K.L.:
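Structure in structure tokens, see below.
Worth saying up front: this structure is predicted, and the values here are computed from it rather than measured. Reckoned from all heavy atoms, side chains included, excluding hydrogens, waters and symmetry mates.
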Amino acid sequence: MTTKDPGAAGLARLAGLFADETRAACLLALLDGRAWTAGELARHAGVAASTASEHLGKLVAGGLLAEERQGRHRYVRLADDRVAQLVEDLAAQVAPGAARRPRTLAAAGAGSAMARARTCYDHLAGRLGIAVTDALTGLGLLRQDTGFALTDQGLAWFDAHGIPLARTGRRPLARACLDWTERRPHLAGVAGAALCRHALDAGWCVRIGSERAVKVTAAGDRALSELFGIDAAALR
């Protein structure tokens, strides 16, 4: 008689939380790093508010979401960056042809915008994220040959440009995150989050629409060219 692996039940419960299209839609939406209300997620997923509330309750109970209440409003967000990494990694395993073709011109435009530039929880993704990652590597600021790691020159670069890197806690300074549209790794971790935050705060990028897509501004075009040697036109 075989003995069951004690971790099997927990893994099955975790997999079950993802095994529903409504819950998956909510998790993907929350990759923008912001807190959403149950009503906003219901509209995003195309379900009734009561249905969304039931699914969100399961995700909170399962530890994938954190809940916040402000007055009468209930907000949820991804529990932490490890959950975000899990969601993004799973999304990257979906075969490119498995996604439905967009039914409208607006949907096609939104999909193109997400592929060009978006946030992945708290770091840059899409063609923009890949371009920045490649530029950091080409400039000798980031190493990818033995896993992602900032070089001494890279650490000095962040300091010189006033982009602080929090070096406390368990989160790695640099981490590879598989980009689900580009099928290549982009920069995540503390450095990826700090760079994304700086890009938004400095006005290099602005959020567009209600999802995770961002748009590079004229100031961003100049910064990408001057700091990284990136031709922003190639990202469009």
K.L.:
In Å and rounded to the nearest 0.5 Å, what is the CH2 to CG distance from Trp157 to Leu195?
P.N.:
5.5 Å
K.L.:
Start with the C-alpha distance between Leu124 and Cys196, add both sets of side-chain angles, then the distance that settles side chain to side chain contact (heavy atoms under 4.5 Å, CB included), and finish with yes or no.
P.N.:
CA-CA 6 Å; Leu124 296 172; Cys196 178; 3.9 Å; yes
K.L.:
Taking it one step at a time, do Arg170 and Asp81 satisfy side chain to side chain contact (heavy atoms under 4.5 Å, CB included)?
P.N.:
CA-CA 11 Å; Arg170 296 179 298 177; Asp81 62 287; over 6 Å; no
K.L.:
Cut-off 3.5 Å, side chains only: do Thr133 and Arg184 have a donor facing an acceptor?
P.N.:
no
K.L.:
Say whether, by atom type as modelled, one donor and one acceptor occur between the side chain of Thr217 and the main chain of Trp204 under 3.5 angstrom.
P.N.:
yes
K.L.:
Working to the nearest 0.5 Å, report the span between CD of Gln153 and CG of Leu139.
P.N.:
7.5 Å
K.L.:
Taking all heavy atoms of Leu128 and all of Val216, pick out the closest pair and write down the distance.
P.N.:
CD2-CG2, 4.0 Å
K.L.:
Evaluate whether atom CZ of Arg143 has more than 12 neighbouring non-hydrogen atoms of other residues, nucleotides or ligands under 6.0 angstrom away.
P.N.:
no
K.L.:
Under the rule for salt bridge (Lys or Arg N to Asp or Glu O under 4.0 Å), what residues qualify as partners of Asp201, not counting sequence neighbours?
P.N.:
none
K.L.:
Using the side chain to side chain contact (heavy atoms under 4.5 Å, CB included) rule, take Leu141 and Leu150 through it: C-alpha gap first, then chi angles, then the decisive distance, then the call.
P.N.:
CA-CA 6 Å; Leu141 309 179; Leu150 291 181; 5.6 Å; no
K.L.:
Kindly compute the distance separating CD1 (Ile163) from NE2 (His198), expressed to the nearest 0.5 Å.
P.N.:
4.5 Å
K.L.:
Does Val47 belong to the same Ile/Leu/Val/Met/Phe/Trp/Tyr cluster as Phe18, with side-chain heavy atoms less than 4.5 Å apart forming each link?
P.N.:
no
K.L.:
When rounded to the nearest 0.5 angstrom, what distance separates CE in Met114 from OG1 in Thr119?
P.N.:
8.0 Å
K.L.:
How far apart are the closest heavy atoms of Arg74 and Ser53, and which atoms are they?
P.N.:
NH1-OG, 3.3 Å
K.L.:
Can you find a pair of side-chain heavy atoms, one from Leu30 and one from Val87, that are under 4.5 Å apart?
P.N.:
no
K.L.:
For residues 113-149, pull every pair meeting ring pair (Phe, Tyr, Trp, His ring centres under 6.0 Å), keeping only residues two or more places apart or in separate chains.
P.N.:
His123-His186
K.L.:
Which heavy atom of Leu165 sits nearest to which heavy atom of Ala194, and what is that distance?
P.N.:
CD2-CB, 3.8 Å
K.L.:
In a check of salt bridge (Lys or Arg N to Asp or Glu O under 4.0 Å) between Asp122 and each of Arg171, Arg77, Arg197, which one passes?
P.N.:
Arg171
K.L.:
Indicate the atoms forming the closest heavy-atom contact of Cys177 with Glu88, along with that distance.
P.N.:
SG-CG, 3.5 Å
K.L.:
Taking Asp80 for its side chain and Val83 for its backbone only, find out whether a donor-acceptor pair lies under 3.5 Å.
P.N.:
yes
K.L.:
So which atom in Ala125 and which in Cys120 form the shortest heavy-atom distance, rounded to 0.1 Å?
P.N.:
CB-CB, 3.8 Å
K.L.:
Hey, are the side chains of Leu27 and Leu90 touching, using non-hydrogen atoms and a 4.5 Å cut-off?
P.N.:
no
K.L.:
Could you go through Arg212 and Leu31, starting from their C-alpha distance and side-chain angles, then the distance that decides it, and tell me whether this counts as side chain to side chain contact (heavy atoms under 4.5 Å, CB included)?
P.N.:
CA-CA 7 Å; Arg212 295 183 283 141; Leu31 275 177; 3.5 Å; yes
K.L.:
If I take atom CG from residue Leu64 and atom NZ from residue Lys58, how far apart are they, to the nearest 0.5 angstrom?
P.N.:
13.0 Å
K.L.:
Keeping Arg23 on the side-chain end and Gly16 on the backbone end, is there a donor-acceptor pair under 3.5 Å?
P.N.:
yes
K.L.:
Taking all non-hydrogen atoms of both residues into account, name the closest pair between Ala52 and Ala38 and its distance.
P.N.:
CB-O, 4.1 Å
K.L.:
Within a strict 4.5 Å, meaning less than it, do heavy atoms of the Arg207 and Asp32 side chains meet?
P.N.:
yes
K.L.:
Hydrophobic clusters here meaning ILVMFWY residues chained together by side-chain heavy-atom distances under 4.5 Å, can you tell me if Ile130 and Leu227 are in one?
P.N.:
no
K.L.:
Report whether Trp36 and Leu28 are members of the same hydrophobic cluster (ILVMFWY, side-chain heavy atoms less than 4.5 Å apart, transitive linking).
P.N.:
yes
K.L.:
Contact between Leu65 and Leu78 at the side-chain level, heavy atoms closer than 4.5 Å - yes or no?
P.N.:
yes
K.L.:
Do the side chains of Val132 and Leu178 join up, straight or via other hydrophobic residues, at under 4.5 Å, putting them in one cluster?
P.N.:
no
K.L.:
About how many Å separate CG of Asp179 and CG of Leu187, when rounded to the nearest 0.5 Å?
P.N.:
12.0 Å
